Amino acid sequence: MAATEDDFDSEGSDIELDDSGEFEREEVVTLEDYDENDDPLDRAREWDLWDTDGEEEDGFYGFQVDWRTEGYQPRKAKQFTRKPGVKQPIPEDASPLDVFSCIFTDELWDMLVMETNRYAEQTREHSPTNSKWKPVSKTEMMTFVGLCLAFGIMQLPARRDFWRQTKWLYQTNVPKAMARDRFDMIWRYLHLQDNMDPAVDKTDKLWKIRQWMDLLLVRFQALYEVNGFVSVDESMVKYKGRLGFRQYLPMKPVKWGIKVWVMAESKTGYVTNFQVYTGAIQGKTEKDLAHRIVSDLVAPYYGSNLSVYMDNFYTSVKLMEDLKVRGVQACGTVRANRKDLPKIKQLTKKAELNKHEFNVAQRDDLTFCIWQDTKAVMVLSNYHDPTAHGFVRRKANGQRQTEVRVPACLADYQQHMKGVDLLDQMVGYYQIHHRSTKWWRRLFFYFVTVACYNAFVAARSAGGAEWKYRRGGYKDWLEDLTQELIVPVTARSAPNVLPTSPTGASAEHDLVQINKKRKTCRECSLKHCGTDVRPGSTLMGCRQCNLPLHRECFMYHVVRHK
C-alpha cells in the first residue's frame, strides 16, 4: 500500500499496515486521531508483542524509514519462554523401543496394518493372483519395519541379497526373522491410505501419506521441546521417478528428489516441524513462497521468543518485521537484491572492504551487517544488538585458524544454522536405499528414519551423563532398536541369534490339537535349521504358546521355555 501523508506519525515514520485482517482497523489513522499512548499493535495478538519486563532499553522505539550507521539504539535478546527437553517422562534405563514407541504409537502401527490389509484385499479382488496372502499382523509389521531399518545399516546391492545363502558373502540372519516371499508380499501391499475413501481430498498431491504424516508430526512436537534455537532449511528425499513435484537442486548432495521444508533444533537436529513441497499451485508459482514457509513452520512458536536461523533464500526485511511482531526472533543471511535493504555504498557489495572488515546498520529492531570474507556476506537480524560482537574461526594468509571479530548476528548465525544439515547427515547414514516406483514410499521411509533419530535425541536428553549409549552414539542405539523391533515370524528362527519367546507363553504347557491343517513342528525347524533335512508337520501343538509340535518334541519345548 502506498504511503500517504496521513500514514506518518509525529516522527515521520511510515506505518504500513496490510488489509489482510491481521491488524483490524476501521478507519485511516490521521494525525488528529493519533494518540501517542495508544499502540496500534496492541490488539494484533493476545500475547505481549514487546518485552514485559518493564526495562526502558527494551521498550518501543517507533518506526524508522532510513537505516542508521551511528547512534545505535541498544537491543537485547529475549529469553525463550518454554522449557526445553523431553515433555514426557522417559526412564533413564528406557530401551530404544520404549522411546521410539512414544513417537511411533499404536495408532500409527494400527493404521499401517489396517491400510496394508485393506489395500491387499482391494487389489487381489480386482486382480486375482495365485500367490498366497494372509493378513499382516502388528508383530509382522514391526518386524518388516525393523528389517527395513536393518537394510539401511547393513547395505547390500539388492533387497533379495539379504536372503541369499549360497555364498558366504551374503549370509545373514534375515531369513531367520522373516521369509523372503512374505517380506515381498508386505512390501508389495504396504499402504497408508484407503484409495476408496470418498472423504479423502484427492486434489491434495500428498493424499496417500497426508494423514500418516500429520499424526507423526503431532508426536514429534509432543515428545520434545527445542532449546530455543532452530534452523530452517530444505531437505531432499532422493527420488528420480516420474513425479509432478520432483525437484532438481544442483547444489545439494541429493540433486533429484522430493523437497521437504524442515525446522530442526540447531544443536541436535531434532525435527520439530516440516512441510513437503508439492510444486506450483494450478500451474502458477506461489508468490512470497519463502515468507509463507517460514511463517508456517514457526507458527506453533508465536509469542515464545524462539530464535530461528535461515539462509538467504528465506530472509527478507518484510519477513523479519512480521516475525518480530509475532514474538519470534530471526536471523539469516540475505541477498543483496532484497527490497528495503540499505542503499548506502558502504553497506552494499560495492563497498571496498578489506578482508574480515565489516559495516553495521540499524533500523528499528532490524540489524544489518556486511562482512568481507572470501566474498561479501550480508546478515539481517530482528533482535541482535548492532554494537555487540562475536568471533568466528578463519584462516588468514594461509596460516592456521584464528579467531576473527565479527558482529554478534553473524557469529550466532554460524553457530546455530547447522540443525537441518546435521539431520541430513545422520539420516543419510542409515537410510534404506532400495528402489520403488511409488514415490510416497520414499517419504515414508525417510520419516521413519527421522522418527528414529528424533527418538534418539529425546532418549539422550533424558538419559543423563551415565546413559549407556553416550559413547556408542546413534549407530548403537539404532542397532538395538532394530533388534527389538524384529520378532521372528518364521518357523526357521534360531534362538541363539534372535529372541524367540512365543507370544502368550506361560509357566505351564499343554499338548493338544491346535490346527485343522498340518503345520511344521517348531522344534524340528530349530533342530534342522541350516541343514538339508526337512522338518516334519503335525496337527498337535502347545495350547499356551500356540506353536505346532510333535509329541516327541513336546518335552524339548517345555525345557526350552522353563
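All figures in this text were calculated on a predicted structure; none of them were measured in a lab.
For Asp364 (side chain) and Leu366 (main-chain N/O), no donor-acceptor pair under 3.5 Å exists by modelled atom type. Looking only at distances, no side-chain donor or acceptor of Arg292 sits under 3.5 Å from a matching main-chain atom of Asp288. In this structure, Arg393 contributes its side chain and Val404 its backbone to no donor-acceptor pair below 3.5 Å. Within the 3.5 Å criterion, the main-chain N or O of Lys78 finds no donor-acceptor partner in the side chain of Asn305. Checking side-chain atoms of Ser101 against main-chain N and O of Phe104 turns up no donor-acceptor pair under 3.5 Å. In this structure, the side chain of Tyr72 engages the main chain of Val360 through a donor-acceptor pair within 3.5 Å. For Glu265 (side chain) and Asn227 (main-chain N/O), a donor-acceptor pair under 3.5 Å exists by modelled atom type. A donor-acceptor contact shorter than 3.5 Å links the side chain of Ser266 to the backbone of His416. Between the side chain of Gln425 and the main chain of Leu422, no donor-acceptor pair closer than 3.5 Å is present. Checked by atom type and distance alone, the side chain of Arg210 never pairs as donor or acceptor with a backbone atom of Asp201 at under 3.5 Å.
Thr367 and Gln362 share no side-chain donor-acceptor pair at under 3.5 Å. Inspection of the Gln372 and Asn354 side chains reveals no N or O donor paired with an N or O acceptor under 3.5 Å. With hydrogens and angles left out, the side-chain atoms of Ser436 and Tyr239 include no donor and acceptor closer than 3.5 Å.
Between Tyr474 and Trp477, the ring planes are parallel. Angles under 30° get that label, and only those over 60° would be called perpendicular. Under the 30°/60° scheme for interplanar angles, the aromatic rings of Tyr270 and Phe220 are found to stand perpendicular. Relative ring orientation between Tyr309 and Tyr413 is described as tilted, the plane-to-plane angle lying within the 30° to 60° band.
Using a cut-off of 4.0 Å between Lys/Arg side-chain N and Asp/Glu carboxylate O, Asp373 and Arg394 are scored as salt-bridged. Between Asp365 and Arg75 there is a salt bridge, since a side-chain N of the basic residue sits under 4.0 Å from a carboxylate O of the acidic one. A salt bridge links Lys87 with Glu225: at least one charged nitrogen is closer than 4.0 Å to a carboxylate oxygen.
Considering only heavy atoms from C-beta on, Val317 comes within 4.5 Å of Glu321 through its side chain. No side-chain heavy atom of Met263 sits less than 4.5 Å from a side-chain heavy atom of Phe274. Residues Leu478 and Leu481 meet the side-chain proximity criterion, which asks for heavy atoms closer than 4.5 Å. Side-chain contact check for Leu443 versus Val260: some heavy-atom pair is nearer than 4.5 Å. Between Lys255 and Met236, the closest side-chain pair of non-hydrogen atoms is not below 4.5 Å. Side-chain contact check for His384 versus Asp412: some heavy-atom pair is nearer than 4.5 Å. A heavy-atom distance below 4.5 Å is not found between the side chains of Glu234 and Gln247. Residues Val262 and Asp233 form no side-chain contact, since every pair of their non-hydrogen atoms from C-beta on lies 4.5 Å or further apart.
Atom NZ of Lys202 has more than 12 neighbouring heavy atoms from other residues, nucleotides or ligands inside a 6.0 Å radius. By the 6.0 Å contact criterion, NZ on Lys350 is open, its count of non-hydrogen atoms from other residues, nucleotides or ligands being 12 or less. Counting heavy-atom neighbours within 6.0 Å of Lys240 NZ, excluding the residue itself, gives a total of 12 or less. For Lys252, the NZ atom is densely surrounded, since the number of other residues' heavy atoms within 6.0 Å is greater than 12. Within a 6.0 Å radius of NZ in Lys475, no more than 12 heavy atoms belonging to other residues, nucleotides or ligands are found. For Gln346, the CD atom sits in a packed shell: over 12 heavy atoms of surrounding residues, nucleotides or ligands are nearer than 6.0 Å.
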With side chain to side chain contact (heavy atoms under 4.5 Å, CB included) as the criterion, how do Ser295 and Asp322 come out once you've worked through the C-alpha distance, each side chain's angles and the decisive distance to 0.1 Å? CA-CA 9 Å; Ser295 300; Asp322 288 351; 5.8 Å; no
Which is it for Thr348 and Leu341 under the side chain to side chain contact (heavy atoms under 4.5 Å, CB included) test, yes or no, and what are the steps along the way? CA-CA 9 Å; Thr348 65; Leu341 288 182; over 6 Å; no
Quick one, Thr272 with Tyr224, criterion side-chain hydrogen bond (donor to acceptor under 3.5 Å, both in side chains). Give me CA distance, side-chain angles, the key distance, then yes/no. CA-CA 8 Å; Thr272 185; Tyr224 181 84; over 6 Å; no
Check against side chain to side chain contact (heavy atoms under 4.5 Å, CB included), Trp261 and Tyr314: CA-CA 11 Å; Trp261 312 105; Tyr314 309 91; 3.3 Å; yes
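Closest approach of Ala336 to Lys349, counting heavy atoms only: CB-CE, 4.0 Å. Considering every non-hydrogen atom in both Thr482 and Ala150, the closest pair reads CG2-CB, 3.6 Å. Ser307 and Gln329 get closest at one heavy-atom pair: OG-NE2, 3.0 Å. Nearest heavy-atom pair, Asp476 versus Gly472, reported as atom, atom and distance to 0.1 Å: OD2-CA, 3.1 Å. Contact record, Val86 with Ala458: CG1-O, 3.3 Å, taken as the closest heavy-atom pair. Nearest heavy-atom pair across Ala361 and Pro342 is CB-CG, 4.5 Å.
Taken from CD1 in Ile370 to CD1 in Ile344, the straight-line distance is 12.0 Å, to the nearest 0.5 Å. Considering CD1 of Ile153 and SG of Cys148, their distance stands at 12.0 Å, rounded to 0.5 Å.
With ring centers used as reference points, Tyr446 lies 6.0 Å or more from Trp440. A distance below 6.0 Å separates the ring centres of Phe456 and Trp467.
Across Arg335, Met320, Arg338, a single residue satisfies side-chain contact (heavy atoms from CB on, under 4.5 Å) together with Leu380, and that is Met320.
Listed by chain and number, the residues in a ring-ring contact (aromatic ring centres under 6.0 Å, His included) with Trp207 amount to none (sequence neighbours excluded).
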